[in-house]
Q: 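For reference, the structure I am asking about is given below.
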Amino acid sequence: MSVRLRLSGGAVREIEDGATPWEVGRAFDPGRAAGAVAARVGARVVDLGRPLGEVAGQEPVEFALLTPSDPQGLEVYRHTCAHVLAQAVRRLYPGTRLAIGPVIADGFYYDMQVRTADGQEVRLTAEDLPRIEREMARVIAEDHPVTREVWDRQRARQAYAEAEDPFKVEIVDGLPPDAEVTVYRQGEFSDLCRGPHMPSTGGIGAFRLLSVAGAYWRGDERRPMLQRIYGTAFPTPEQLERHLWALEEAKRRDHRRLGPELGLFLLREEAAGFPFWLPKGYAIWRELEQWSRELQGPLGYQEVSTPILMRAELWERSGHWGHYRENMFTLERDQEMFAVKPMNCPAHCLLFGSETRSYRDLPLRLAEYGQLARYERSGTLHGLLRVRSLHQDDAHIFVTPEQVSEEIGSVLGLVDRVYATLGMSYEVYLATRPADALGSAEMWDRAEADLAAAVRAAGREPIMSPGEGAFYGPKLEFHVTDALGRRWQCATVQLDWNLPERFDLWYVGPDGERHRPLMLHRAIFGTLERFVGVLIEHFGGAFPTWLAPVQAEVLPIADRHADYALGVAGELRAAGLRVEVDRRPEKVGYRIRAAQMQKVPYMLVVGDREEREGTVAVRSRAGGDAGTRAVAEFAAAVRAEIAERRLPDAGQSTAGGHPGSK
RNA sequence: GCUGGCGUAGCUCAGUUGGCAGAGCACCUGCCUUGUAAGCAGGUGGUCGCCGGUUCGACUCCGGCCGCCAGCUCCA
């Protein structure tokens, strides 16, 4: 028998079915064969030693060798490295039980119960990692061939049961009935694994273990806590070093570091999860809020303000008492329960229902920026990105069923405009019906379909997020990525057929009858707290001029220039700019450095010459010395930059003349 | 909330085996009067997270809380 493969050049070859990808590669693509870790046959990635008859047939399929430079090849490479990690830990701690060791975005991890030979559990710390790394290096140097074995399911189950490997037994039991049970072996080590793997351990070039942390087996806090060792691997030491450098760089952008450094906000243990906003941070905040009003007003949004504290009875009616109580701050007064609002929707429903609404009033768009509070478990708090204080750029839109699509389209347009202006990329997730859902299956199906259609109409493909919807309706989540590659939801659009029902909301239709409106929950920034946090990291603290807390810093050369400097600052403030004067008795270089580290977009040096000529010597944060300009001219240029909400483009500044010009 | 780690000046961090708490930066003062990323000198500043215990004596050892960090989980 034979199989047919389409090689990289496009030629179809007849190959004997016992041949392996390695043999085919060596014959037809010797250049890549040396560094190959696996092969792609059709849609499958397979071991280089796998007989082709098992994965191909008479129908020609694409054949390609994979090296660690290919994304799929890199996964195989890292996966094998995860096995090397497990092998090394087993050597050092022979009683270790393995759970799972998958490849993740920038590396891999392995979850295990680390134990000594006599079954004593061992707590690893970061100090143990170098020792494990040395053992891994030994495994790699020993260059063990990696072989694939197909096991009988019962035999596998029994073997792991006898070896007292409860996690592997559970994994075997969880495999689909028709799945092949495979075990990969390298030297004295073997592991239940789907594969594929590199042909031998010697091919791993550069790896590093990064951290160790606890992780529950199957993510379930009622189950045993395992130790998760994170690591990464790259084909060359240079690539590894570059990655490690990028991780350090990401730490430098961490908003928890930059926030206090730039004087933006404060986190205090007196109010965990409730940030204190300093003048500079709040300047950013106000700028965003003002922008939001500017964008939404023309779209027909009306701003309202509703009570922060309301009786429990309201939350019972809205369903929050049953579904969300764990996340609410409650208090009792005069034998009555109250709750701080975690969301605005129930209050907005009260507003909708407070007068008779006509179909002519719809869509009715109620916006609110007030403060919400949600109880989050202490271990989940994270800088500004996971807080208990929330100020959303929230709105609830009451619509007729016919208006849903168009209104969602309008919201998606708003989202796109905001994120494009800030130069941020995002992904759209469609979160569908959760286990504790309210409402009928038909309502959910239709709502989910409506949301998906709207996203596609906006030219994007939603990523499905099954079971992640709110209890009251499906939602679109817009995710952005932080400096450390963690993903956070910012904007959201949720469809809700439930609350209008619970609050018995209705409008009078053209037919003179009562009809039930639908409700859209939406936020564009999401939570201001989180959004500012994400922006700090996105810009690394170097905000575009329109958002920068201090837009220009005036630096008088000597004491005698102080009056002129104050005059310049006054003139610029009158033009609407946020300006400060640094008249400390320090050298200009010192004060420039200070302003530069505070990431002020423009530094204006003024001395005898500038005072005489009524000018400022402009230095831009990104481009350095930008020449001398008249004060009014500088003000006009910066005002234009702000009005356009221009993004900083590296090396260029807009408000300076050419060096040497006036 | 769970597992592990951590908590010393505004910030970053030292602090031997338990014996009167330190540095750099920041801040203040003086000198310098300054030209595009750190001038010089001096000084202020700490209930060593909080509460309790052991001890002649606790930043140090023990226990309990609180907070932070990583991960799990949860979610905007």
Q: Considering every strand and a 4.0 Å limit on heavy-atom distances, what is the contact class for Glu610(A): base, sugar-phosphate, or nothing?
A: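 Answer is base: heavy atoms of Glu610(A) come under 4.0 Å of a base.
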Q: Using a 4.0 Å heavy-atom cut-off across all strands, classify Glu529(A) as base, sugar-phosphate, or nothing.
A: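 Glu529(A): no heavy atom of the nucleic acid under 4.0 Å.
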Q: For Asp608(A), which contact category applies under a 4.0 Å heavy-atom criterion: base, sugar-phosphate, or nothing?
A: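 Contact class for Asp608(A): base.
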Q: Could you grab the distance from atom CZ of Phe531(A) to atom CE of Met424(A), nearest 0.5 Å is fine?
A: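 Between atom CZ of Phe531(A) and atom CE of Met424(A) there are 5.0 Å.
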Q: Nearest whole angstrom, please: distance from the P of A41(B) to the NZ of Lys587(A).
A: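 It is 13 Å, rounded to the nearest whole Å.
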Q: Which heavy atom in His255(A) sits nearest to a heavy atom in Pro260(A), and how many Å separate them?
A: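 Of all heavy-atom pairs spanning His255(A) and Pro260(A), the closest is O-CD, 4.1 Å.
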Q: By ring-ring contact (aromatic ring centres under 6.0 Å, His included), which residues pair with His561(A), not counting sequence neighbours?
A: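 Per chain and number, His561(A) pairs via ring-ring contact (aromatic ring centres under 6.0 Å, His included) with no residue.
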Q: Whole angstroms only, please: what is the CG-P distance between Asp254(A) and C11(B)?
A: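 To the nearest whole Å, that distance equals 16 Å.
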Q: NA contact type, Gly526(A), heavy-atom cut-off 4.0 Å: base, sugar-phosphate, or nothing?
A: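 No contact at all - Gly526(A) keeps every heavy atom at 4.0 Å or more from the nucleic acid.
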Q: Consider the side chain of Ile557(A), meaning its heavy atoms from C-beta on, and name the nucleotide among G35(B), U73(B), C75(B) that approaches it most closely.
A: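 From the listed options, G35(B) comes nearest.
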Q: How long is the line joining CE of Met225(A) and P of G4(B), in whole Å?
A: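 After rounding, the reported distance stands at 8 Å.
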Q: Using Watson-Crick or G-U wobble geometry with both distances below 3.5 Å, tell me the partner of C32(B), or none.
A: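 By the stated definition (distances under 3.5 Å), nothing pairs with C32(B).
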Q: Which of these, Phe167(A), Tyr110(A), Tyr216(A), sits in a side-chain contact (heavy atoms from CB on, under 4.5 Å) with Leu226(A)?
A: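 For Leu226(A), the side-chain contact (heavy atoms from CB on, under 4.5 Å) check succeeds only for Phe167(A).
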Q: Indicate whether OP1 or OP2 belonging to U34(B) is found under 4.0 Å from a side-chain N or O atom of Arg560(A).
A: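 True: Arg560(A) side-chain N/O within range (under 4.0 Å) of U34(B) OP1/OP2.
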Q: Counting only side-chain nitrogens and oxygens, does Arg619(A) get under 4.0 Å of the OP1 or OP2 atom of A37(B)?
A: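 Yes, because at least one side-chain N or O of Arg619(A) sits under 4.0 Å from OP1 or OP2 of A37(B).
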Q: Can you confirm whether or not the ring centre of Trp277(A) sits under 6.0 Å from the ring centre of His391(A)?
A: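 For Trp277(A) and His391(A), the ring centres are not under 6.0 Å apart.
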Q: Take atom CD of Glu586(A) and atom P of A37(B), then tell me their distance rounded to the nearest Å.
A: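 Result: 15 Å.
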Q: Does Arg256(A) put a side-chain nitrogen or oxygen below 4.0 Å from OP1 or OP2 of C68(B)?
A: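 Checking C68(B) against Arg256(A), no side-chain N or O comes under 4.0 Å of OP1 or OP2.
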Q: Base, sugar-phosphate alone, or nothing: which one does Val588(A) contact when heavy atoms must sit under 4.0 Å apart?
A: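 It contacts sugar-phosphate atoms only.
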Q: Pull out every protein N or O sitting under 3.5 Å from an N or O of nucleotides 45-50 of chain B, one pair per line with the distance.
A:
none

Q: Between the side-chain atoms of Glu326(A) and the base atoms of G1(B), is any donor-acceptor pair under 3.5 Å?
A: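 No such pair is found, so the answer is no.
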Q: Just compare U73(B), U34(B), C72(B) and give me whichever is closest to any side-chain atom of Pro585(A).
A: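 Shortest atom-to-atom distance from the side chain points to U34(B).
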Q: Please report the distance, rounded to the nearest Å, between CG in Leu267(A) and P in C68(B).
A: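 Answer to the nearest Å: 8 Å.
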Q: With a non-hydrogen cut-off below 4.0 angstrom, is Ala617(A) in contact with a base, only sugar-phosphate, or nothing?
A: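 Base contact.
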Q: For U34(B), does either OP1 or OP2 sit under 4.0 Å from a side-chain N or O belonging to His561(A)?
A: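 His561(A) to U34(B) OP1/OP2: no side-chain N or O under 4.0 Å.
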Q: If you measure from the C1' atom in A26(B) to the same atom in C61(B), how many Å do you get, rounded?
A: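 It comes out at 35 Å once rounded to the nearest Å.
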Q: Nearest to the side chain of Tyr375(A), heavy atoms from C-beta on, is which of C74(B), G1(B), U36(B)?
A: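 Minimum distance to the Tyr375(A) side chain belongs to G1(B).
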Q: Heavy atoms under 4.0 Å, any strand shown: does Arg268(A) hit a base, just sugar-phosphate, or nothing?
A: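 Answer is nothing: Arg268(A) stays at 4.0 Å or more from every strand.
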Q: Using the side-chain heavy atoms of Arg386(A), tell me which of these nucleotides is nearest: G35(B), C74(B), G71(B).
A: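 Nucleotide nearest to Arg386(A)'s side chain: C74(B).
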Q: What integer distance in Å separates Gln598(A):CD from C11(B):P?
A: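 Going from Gln598(A) (CD) to C11(B) (P), I get 15 Å.
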Q: Identify whether any heavy atom of Gly379(A) sits under 4.0 Å from a base atom; if not, whether one sits that close to sugar-phosphate; answer base, sugar-phosphate or nothing.
A: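 Base, at least one base atom sits under 4.0 Å.
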Q: With a 3.5 Å distance limit and no angle check, can you tell me whether Thr527(A) reaches the backbone of Arg530(A) through a side-chain donor-acceptor pair?
A: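 Side chain of Thr527(A) to backbone of Arg530(A): no pair is present.
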Q: So, taking the atom named CD in Gln392(A) and the one named NE2 in His521(A), what distance separates them when rounded to the nearest 0.5 Å?
A: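 It is 10.5 Å, given to the nearest 0.5 Å.
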Q: With a cut-off of less than 4.0 Å, is there a side-chain N or O of Tyr590(A) near OP1 or OP2 of A26(B)?
A: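 So the side chain of Tyr590(A) is within the cut-off, an N or O lying under 4.0 Å from OP1 or OP2 of A26(B).
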Q: Please check if the side chain of Arg228(A) supplies one atom and the backbone of Asp111(A) the other of a donor-acceptor pair under 3.5 Å.
A: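 Absent.
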Q: Categorize Thr380(A) for me: base, sugar-phosphate, or nothing, with a 4.0 angstrom heavy-atom threshold over every strand shown.
A: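 Result for Thr380(A) = base.
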Q: Atom CG of Leu555(A) to atom C1' of A37(B): distance rounded to whole Å?
A: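 For the pair Leu555(A) CG and A37(B) C1', the rounded distance is 12 Å.
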Q: Let's test this: given Watson-Crick or G-U wobble pairing with both distances under 3.5 Å, identify the partner of U3(B).
A: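 In the structure as shown, U3(B) has A70(B) as its Watson-Crick or wobble partner.
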Q: Taking 4.0 Å as the cut-off, does a side-chain nitrogen or oxygen of Arg593(A) come that near to OP1 or OP2 on U36(B)?
A: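 For Arg593(A), the contact criterion (side-chain N or O under 4.0 Å from OP1 or OP2 of U36(B)) is not met.
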Q: Within the structure shown, what part of the strands sits under 4.0 Å from Ser378(A) by heavy-atom distance: base, sugar-phosphate, or nothing?
A: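 The answer is base, as Ser378(A) lies within the cut-off (heavy atoms under 4.0 Å) of a base atom.
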Q: Determine whether the aromatic ring centres of residues Tyr230(A) and Phe108(A) are separated by less than 6.0 angstrom.
A: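 Between Phe108(A) and Tyr230(A), the centre distance exceeds or equals 6.0 Å.
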Q: Looking at C50(B), which nucleotide sits across from it as a Watson-Crick or G-U wobble partner, both distances under 3.5 angstrom, or is there none?
A: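 With both distances under 3.5 Å, C50(B) matches G64(B).
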Q: Which whole-number value in Å describes the distance from Arg584(A) CZ to C25(B) C1'?
A: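 Atom CZ in Arg584(A) sits about 12 Å away from atom C1' in C25(B).
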Q: Over all strands shown, is Val387(A) touching base, sugar-phosphate only, or nothing at heavy-atom distances under 4.0 angstrom?
A: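 Since a base atom lies under 4.0 Å of Val387(A), the category is base.
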